[in-house]
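Atoms within a ligand are numbered from 1 in the order they appear, just like the ligands themselves.
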Amino acid sequence: TALYGVVGHPVAHSRSPEMQNAAFAKLGVDAAYVALPVAPERIDEALRGAHALGFQGLNVTVPHKPRAASLCHALDPVATAVGAANTLRRTRDGWEGFNTDAPACRTLLEAAGVARGARALLVGAGGAARAAAWALLQLGTELRVAARREEAAAELCRDLAAAVPGADAATADFEDLEAEADAAAVVVNGTSVELPGHEGRLPPLRFRADQVVLDFVYGDTELARAARAGGARLVTGEQVLVRQGALAFTIWTGLPAPEADMARALEAREGA
Ligand code: SKM
């Protein structure tokens with residue numbers, strides 16, 4: 001049995017185990033995928049330990065994605081540009097890092113109609129936000145980044161502007177989020193507000209039918225409710241989870257991912 005897992009803090013809410021185990025079962029792959037809670041200060045030893053235990057692949061979630069990228073001994077070009085890794089593949093000597101959040105976001109935002117030159121507001125400055133910034137800049141949007149940690153937002157803009165040719169990225173005022181969201185054609189939440197155990201929340205935002213909203217957090221979030229209430233086009237955290245998970249599955253197994261079955265595995269519990 002090949003072992004896979006997701007490291008995070010928190011991670012108990014993660015639906016990757018049921019989704020990835022459904023994919024392995026569907027294709028008859030002898031593998032098991034588990035949730036591995038790892039405290040922020042223990043990520044280095046956790047990655048070493050998972051390698052020593054024989055894990056074949058890992059997903060990495062909040063808050064470990066940037067650190068995981070710097071612990072990998074090889075990184076794909078997207079993870080390098082993003083400065084964060086959410087998918088690790090075992091090599092003989094260590095981990096090879098990938099970022100599947102970034103292409104997942106790009107595909108979903110493009111399908112939702114995000115156009116070149118559109119004004120985009122990204123909230124957050126962690127690993128998920130960096131992936132969303134890459135996607136928004138690849139689509140040619142005019143990116144504004146608002147985060148409580150102002151210095152992290154400025155660093156994100158500097159890094160991503162250097163990594164994506166022609167990028168237009170600047171920080172925005174977190175204290176003025178309502179007005180920033182109002183001026184944007186696309187709003188992305190890359191923060192971990194509303195994850196279990198996480199402090200803080202976004203101010204209540206209002207949306208219109210001509211806007212696109214993407215929330216990385218899955219479940220019935222306040223932001224998703226507000227987007228639906230305003231008639232905005234919503235990309236849900238579940239859609240991002242399925243897409244990034246399908247790309248990870250293919251990186252690990254070399255097989256096309258049974259994406260419809262993965263999405264169905266998530267619905268199963270919602271209805272339960
Ligand atoms: O990037 C993904 C990660 O691969 C898995 C995950 C989860 O299990 O909740 C969420 C995202 O951070």
Side-chain angles (χ1 to χ4, degrees), residues 3-24 32-38 40 43 46-47 50 55-69 71-72 75-76 78-79 82-90 95-109 122-135 188-198 214-221 224 235-253 257 259 262-263 265-266 269-270:
L3 287 177
Y4 296 86
V6 51
V7 295
H9 178 86
V11 79
H13 69 280
S14 171
R15 305 199 59 194
S16 288
E18 54 201 297
M19 178 177 79
Q20 296 290 359
N21 285 322
F24 288 131
Y33 184 112
V34 294
L36 301 163
V38 176
I43 184 65
L47 292 189
F55 275 76
Q56 298 298 315
L58 295 172
N59 279 130
V60 181
T61 192
V62 67
H64 300 308
K65 296 176 186 185
R67 180 68 190 155
L71 293 170
C72 285
L75 280 185
D76 85 323
V78 180
V82 170
N86 78 314
T87 299
L88 308 187
R89 179 168 69 189
R90 180 189 191 80
W95 295 109
E96 186 181 2
F98 301 83
N99 194 300
T100 65
D101 290 330
C105 279
R106 183 179 59 185
T107 304
L108 292 165
L109 288 169
L122 169 63
V123 190
R130 294 177 76 94
W134 180 91
V188 173
N189 173 35
T191 74
S192 41
V193 296
E194 294 199 58
L195 279 187
H198 272 239
L214 181 150
D215 196 350
F216 255 93
V217 180
Y218 40 94
D220 183 29
T221 65
V235 179
T236 63
E238 285 83 354
Q239 287 175 282
V240 179
L241 186 74
V242 169
R243 192 84 203 108
Q244 65 77 37
L247 295 170
F249 183 89
T250 298
I251 287 170
W252 294 325
T253 62
E259 213 169 314
M262 295 169 80
L266 298 184
R269 198 170 77 190
E270 270 152 37

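- Contact of the Phe55 side chain with the Trp95 side chain is registered, since non-hydrogen atoms from C-beta on lie closer than 4.5 Å.
- Screening Arg106, Lys65, Arg243 for a side chain to side chain donor-acceptor pair (under 3.5 Å) with Asp101, the sole residue that qualifies is Lys65.
- In this structure, the side chains of Leu214 and Cys105 come closer than 4.5 Å at one or more pairs of heavy atoms.
- No option in Tyr33, Tyr4, Trp252 other than Tyr33 meets the side chain to side chain donor-acceptor pair (under 3.5 Å) test with Asn59.
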Any protein N or O within less than 3.5 Å of an N or O in ligand 1? List each pair with its distance, or say none.
{"from": "ligand 1", "atom 1": "1 (O)", "to": "Lys65", "atom 2": "NZ", "distance (Å)": "3.0"}
{"from": "ligand 1", "atom 1": "1 (O)", "to": "Asn86", "atom 2": "ND2", "distance (Å)": "3.0"}
{"from": "ligand 1", "atom 1": "1 (O)", "to": "Asp101", "atom 2": "OD1", "distance (Å)": "2.7"}
{"from": "ligand 1", "atom 1": "1 (O)", "to": "Asp101", "atom 2": "OD2", "distance (Å)": "3.1"}
{"from": "ligand 1", "atom 1": "4 (O)", "to": "Asn59", "atom 2": "ND2", "distance (Å)": "3.2"}
{"from": "ligand 1", "atom 1": "4 (O)", "to": "Asn86", "atom 2": "ND2", "distance (Å)": "3.3"}
{"from": "ligand 1", "atom 1": "4 (O)", "to": "Gln244", "atom 2": "OE1", "distance (Å)": "2.9"}
{"from": "ligand 1", "atom 1": "8 (O)", "to": "Ser14", "atom 2": "OG", "distance (Å)": "2.5"}
{"from": "ligand 1", "atom 1": "8 (O)", "to": "Ser16", "atom 2": "OG", "distance (Å)": "2.6"}
{"from": "ligand 1", "atom 1": "9 (O)", "to": "Tyr218", "atom 2": "OH", "distance (Å)": "2.5"}
{"from": "ligand 1", "atom 1": "12 (O)", "to": "Thr61", "atom 2": "OG1", "distance (Å)": "2.8"}
{"from": "ligand 1", "atom 1": "12 (O)", "to": "Lys65", "atom 2": "NZ", "distance (Å)": "2.7"}

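- In this structure, the side chains of Leu266 and Leu241 come closer than 4.5 Å at one or more pairs of heavy atoms.
- A donor-acceptor distance shorter than 3.5 angstrom exists from the side chain of Asn99 to the backbone of Ala84, with no hydrogens or angles considered.
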